[in-house]
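When reading the values below, keep in mind they use all heavy atoms of this one structure, side chains included, and skip hydrogens, waters and symmetry mates.
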Amino acid sequence: MFDVLKLQLGKTLSVLISLALLANASASDPRFEQLGESIQKLCDQHDGTVAIAIEFIESGHTIFINEDQVMPTASLIKLAVMHEAYDQANSDTLDLSKKIILKEEDKVPGSGILSNHFSEGLTLSLHDAIHLMITYSDNTATNLVLDQVGLQQVCDGMAKMGLPETRINAKVYRGSSTSISPERSELYGLGSTTAKETLSLLKQIYQKNAVSKSASEAMLSHLFTCDDDTKLAAGFPTGTPFAHKTGAISHARCDAGIVEVADESIVLVVLTANNRDKSWTNSNQALELCKGIGRLVYTHAASQTSTSTADSNKEAKKLSIGSFGRLVEDLQRTLNAKLEPSASLSVDGDFGPATRAAVIRFQEAKGLTADGIFDQDDWKALGTLITEDEPAPEPSIANRQELPSTPADSLEGPPVVTAKAWAIANLEDGTILFESNLNDKLDIASTTKIMTAYLVLELAEKNPSVLSEQILFSEKADQTRGSTCGIRAGEIVSVEELLFGLLLPSGNAAALAVAEHVCSRRVKETAEQERDELFVIAMNEKAQSLGMTQTHFCNPHGLTESGHLSSANDLVKLTCAAMHFDSFRRYVKTRQHGCQLDSKSGYRRNVLWRNTNQLLEIDGYTGVKTGTTTAAGACLVSACQRDEQEIIMVLLGSSSSRGRYADSRNLYRWAWNELSKP
């Protein structure tokens with residue numbers, strides 16, 4: 001069936017491919033044109049189908065060969081799986097610290113270490129499973145990740161990024177029972193992509209535009225650990241840092257990643273299929289093709305850098321990924337001393353990802369171009385270089401020295417927590433009982449949905465029939481990224497039922513659908529502003545009337561957006577107001593709720609929504625709402641009752657999902673003890 005993919009792309013198209021290649025090479029740069037011709041020659045000699053996309057980011061040069069041809073990915077598709085996991089973690093859907101227990105039936109053959117080296121019952125975090133999926137291309141770990149993120153969600157996430165051909169078709173070695181596209185499974189196997197789409201995805205990760213800056217950095221860190229050095233990496237000097245992912249099945253081999261050569265960042269994608277040489281030796285023809293392309297690209301970039309430096313007579317030394325030596329040691333030592341907080345770099349003379357991250361921090365702090373390359377402007381801004389550690393004292397002195405210590409933790413006052421800000425208040429009147437950083441403006445993630453629900457219930461208090469109104473889910477709502485209530489475009493649900501989908505699984509799509517519906521009741525015809533934008537105006541007006549002076553809303557769901565901020569103090573005011581609605585209390589204390597959906601097409605199906613608030617598993621806790629994004633951290637607004645008293649807690653910016661529950665429980669325990677004192 002893969003013969004279909006050839007599409008007569010053999011030698012008969014070499015002239016057309018050459019023309020396309022030369023069209024992308026700079027006519028004013030004969031050296032780059034020569035690089036393109038050399039790569040084309042390697043492709044012409046390969047017995048199989050080849051697709052290539054290469055971009056030199058700083059210079060803008062590109063080389064495209066068959067870049068839009070849909071090709072099989074093998075394990076390269078795991079790059080898209082990783083992206084979807086971080087995208088969901090940026091919302092309320094996924095917790096990367098979630099623990100997964102390995103079962104015997106999870107184990108599948110092929111690449112990786114879990115199946116052969118670990119026993120049933122092993123517990124690992126989702127983050128660690130992602131790391132194994134990228135570092136060792138672990139097939140079992142990949143399926144564990146897919147169990148959490150969903151096959152269709154990976155495809156949908158790529159489509160929303162404008163990468164419709166980047167699709168995963170089934171779980172690894174489970175194609176016959178899990179395929180979501182049997183025809184594509186037959187054509188492409190595990191997954192498909194194009195060279196141009198993969199280049200786009202990698203470029204967005206490298207430029208910190210994929211999901212968020214921190215998520216992009218985390219994904220890059222995974223990619224730098226990929227242990228396959230048999231393809232493109234084989235053409236680089238030994239030890240060259242290369243953030244990449246590979247894939248290999250008998251007839252298709254591929255490699256895609258980012259390499260930095262001095263002052264040039266290069267994204268390379270090489271996909272092959274229909275390979276005549278199906279051997280598994282290091283001399284496999286497709287591997288040799290990748291190696292040759294890697295060597296040509298690296299050599300070209302290195303020689304360009306040398307020529308450019310010589311021609312410009314620059315005295316300042318540029319340092320970047322791959323640099324090493326005494327000057328790198330001096331830079332690391334100086335960054336440790338001058339960055340606040342300290343970069344805590346190992347002074348080892350190796351410019352790796354950690355040093356690059358510290359350089360970017362320094363550049364951002366100084367208002368310089370944050371590209372991770374330390375050049376003349378950066379040296380000037382750095383000031384005096386620290387070239388030596390403090391001299392070590394004589395052993396007789398060091399061994400007698402008494403090192404300072406800090407006092408023991410006080411037994412008084414609140415416990416130490418990871419949250420950036422928190423507040424505990426009396427629910428009845430909103431009186432603040434205890435707090436830390438009460439009025440700091442912070443990202444609040446999906447705790448935003450307290451306001452979304454409040455506006456609906458306030459409307460329903462005046463007109464109870466609102467809750468029975470039917471909402472036809474729109475395409476726009478269905479395409480909202482992040483946490484989901486699982487309702488699809490064209491399906492019908494009542495406002496009352498949808499509030500469960502908003503507040504239990506924290507459905508971002510539900511928030512948008514609610515906003516659209518509420519405003520459609522007032523704006524029947526097309527308005528200048530989108531209806532959800534009108535709803536946001538109402539949110540901000542209500543915030544003002546409640547005295548929420550540190551709050552500004554930009555959307556009804558809480559996905560990260562510049563200026564979408566609130567404070568622990570303001571969320572206390574909002575929560576106290578919302579909890580005075582008995583219906584709101586009923587929603588937020590419900591641990592799970594089933595709903596039957598009708599559709600415009602005539603079918604009917606059931607959905608089950610589970611509350612993301614894990615405190616509800618413990619007696620005494622009565623709500624309210626979780627929130628998690630990379631920018632906000634793990635947030636939790638909660639309520640707890642003992643005897644006749646009920647208090648609420650707003651917790652913003654905890655270090656992890658598990659951390660927010662530990663922080664909350666520790667603060668509640670302390671608060672109840674304080675309140676019980678005479």
(Q) Quick check on side chain to side chain donor-acceptor pair (under 3.5 Å): which of Gln152, Lys160, Gln153 does Asp156 satisfy it with? (A) Gln152
Q: Mind listing the closest non-hydrogen atom pair of Thr448 and Gly558 along with its distance?
A: OG1-CA, 3.5 Å
Q | Approximate separation, where rounding is to 0.5 Å, of Thr480 OG1 and Leu512 CG | A | 4.5 Å
Q) Between Leu102 and Lys107, is any pair of side-chain heavy atoms under 4.5 Å apart? A) yes
Q: Please test Lys589 against Arg585 for side-chain contact (heavy atoms from CB on, under 4.5 Å), starting from the C-alpha separation and ending with a verdict.
A: CA-CA 6 Å; Lys589 73 178 182 181; Arg585 283 177 168 272; 5.6 Å; no
Q: Could you pull out the closest heavy-atom pair between Lys245 and Leu76, with the gap in Å?
A: O-CD1, 3.3 Å
Q. Just wondering, are more than 12 heavy atoms of other shown residues or ligands nearer than 6.0 Å to CZ in Arg174?
A. yes
(Q) What I'd like to find out is whether the side chain of Tyr454 reaches to under 4.5 Å of the side chain of Met539, using heavy atoms alone. (A) no
Q) Side chains of Cys595 and Leu597: closer than 4.5 Å at any heavy-atom pair? A) yes
Q. Minimum heavy-atom separation for Thr551 to Ser566, with atom names?
A. OG1-OG, 2.6 Å
Q) What do you reckon, is CG of Asp619 surrounded by more than 12 foreign heavy atoms closer than 6.0 Å? A) no
Q) Do the side chains of Val514 and Val495 get nearer than 4.5 Å, heavy atoms only? A) no
**Q.** Under 3.5 Å: donor-acceptor pair, side chain of Ser599, backbone of Gly490
**A.** no
Q) Are any of the side-chain heavy atoms of Tyr86 and Leu96 separated by less than 4.5 Å? A) yes
Q | Where Arg658 and Asp95 come nearest, the two heavy atoms and their spacing | A | N-OD2, 4.4 Å
Q.
Taking Glu165 first and then Arg184, would you say they form a salt bridge - that is, a charged N and a carboxylate O separated by under 4.0 Å?
A. yes
**Q.** Side chain Asn169, main chain Gly189, donor-acceptor under 3.5 Å
**A.** yes
Q.
So does Thr590 get a backbone contact from the side chain of Asn611, meaning a donor-acceptor N/O pair under 3.5 Å?
A. yes
**Q.** Check against side-chain contact (heavy atoms from CB on, under 4.5 Å), Phe584 and Val588
**A.** CA-CA 6 Å; Phe584 183 83; Val588 297; 3.6 Å; yes
(Q) I'd like to know whether Met161 forms a side-chain contact (heavy atoms from CB on, under 4.5 Å) with His83, so could you lay out the CA-CA distance, the side-chain angles of the two residues, the decisive distance to 0.1 Å, and finally the verdict. (A) CA-CA 11 Å; Met161 294 179 67; His83 181 277; 3.1 Å; yes
Q.
Distance check, rounded to the nearest 0.5 Å: Leu114 atom CG versus Asp106 atom CG?
A. 9.5 Å
Q) How long is the gap from CG on Asp92 to SG on Cys635, to the nearest 0.5 Å? A) 9.0 Å
Q | Closest non-hydrogen atom pair between Leu503 and Lys449, with its separation | A | CD2-O, 4.0 Å
**Q.** Nearest-0.5 Å distance, OG1 of residue Thr93 to CG of residue Asn508
**A.** 6.5 Å
Q. Between Glu197 and Arg167, is there a side-chain N and carboxylate O pair less than 4.0 Å apart?
A. no
Q. What's the shortest heavy-atom distance between Ala74 and Leu190, and which atoms?
A. O-CD2, 3.6 Å
Q | Point-to-point distance, once rounded to the nearest 0.5 Å, from CD of Glu516 to CZ of Phe473 | A | 8.5 Å
Q | Heavy-atom check, side chain of Thr629 versus side chain of Ser446, under 4.5 Å | A | no
Q | side-chain contact (heavy atoms from CB on, under 4.5 Å) evaluation trace for Val637 with Ile648 | A | CA-CA 7 Å; Val637 179; Ile648 61 171; 5.6 Å; no
Q.
What I want to check is whether the side chains of Arg660 and Thr628 have a donor and an acceptor closer together than 3.5 Å.
A. yes
(Q) Within the 4.5 Å heavy-atom criterion, are Ser506 and Lys625 side-chain neighbours or not? (A) yes
Q. Could you state the interatomic distance from OG (Ser214) to CG (Asn90), rounded to the nearest 0.5 Å?
A. 7.0 Å
Q: Kindly state whether the ring of His222 and the ring of His127 have centres lying under 6.0 angstrom apart.
A: yes
Q.
With heavy-atom distances below 4.5 Å as the criterion, would you say the side chains of Cys155 and Ile168 are in contact?
A. yes
Q. Hey, which of Thr198, Thr193, Thr73, Thr194 is the one that makes side chain to side chain donor-acceptor pair (under 3.5 Å) with Thr166?
A. Thr193
Q: Please name the residue in the list Met133, Lys78, Lys171 that meets the side-chain contact (heavy atoms from CB on, under 4.5 Å) test with Asn139.
A: Lys78
Q.
Check whether Thr452 reaches the backbone of Pro556 with its side chain - one donor and one acceptor, N or O, closer than 3.5 Å.
A. yes
Q.
If we count only N and O atoms by modelled type, under 3.5 Å, do the side chains of Thr612 and Thr626 hold a donor and an acceptor together?
A. yes
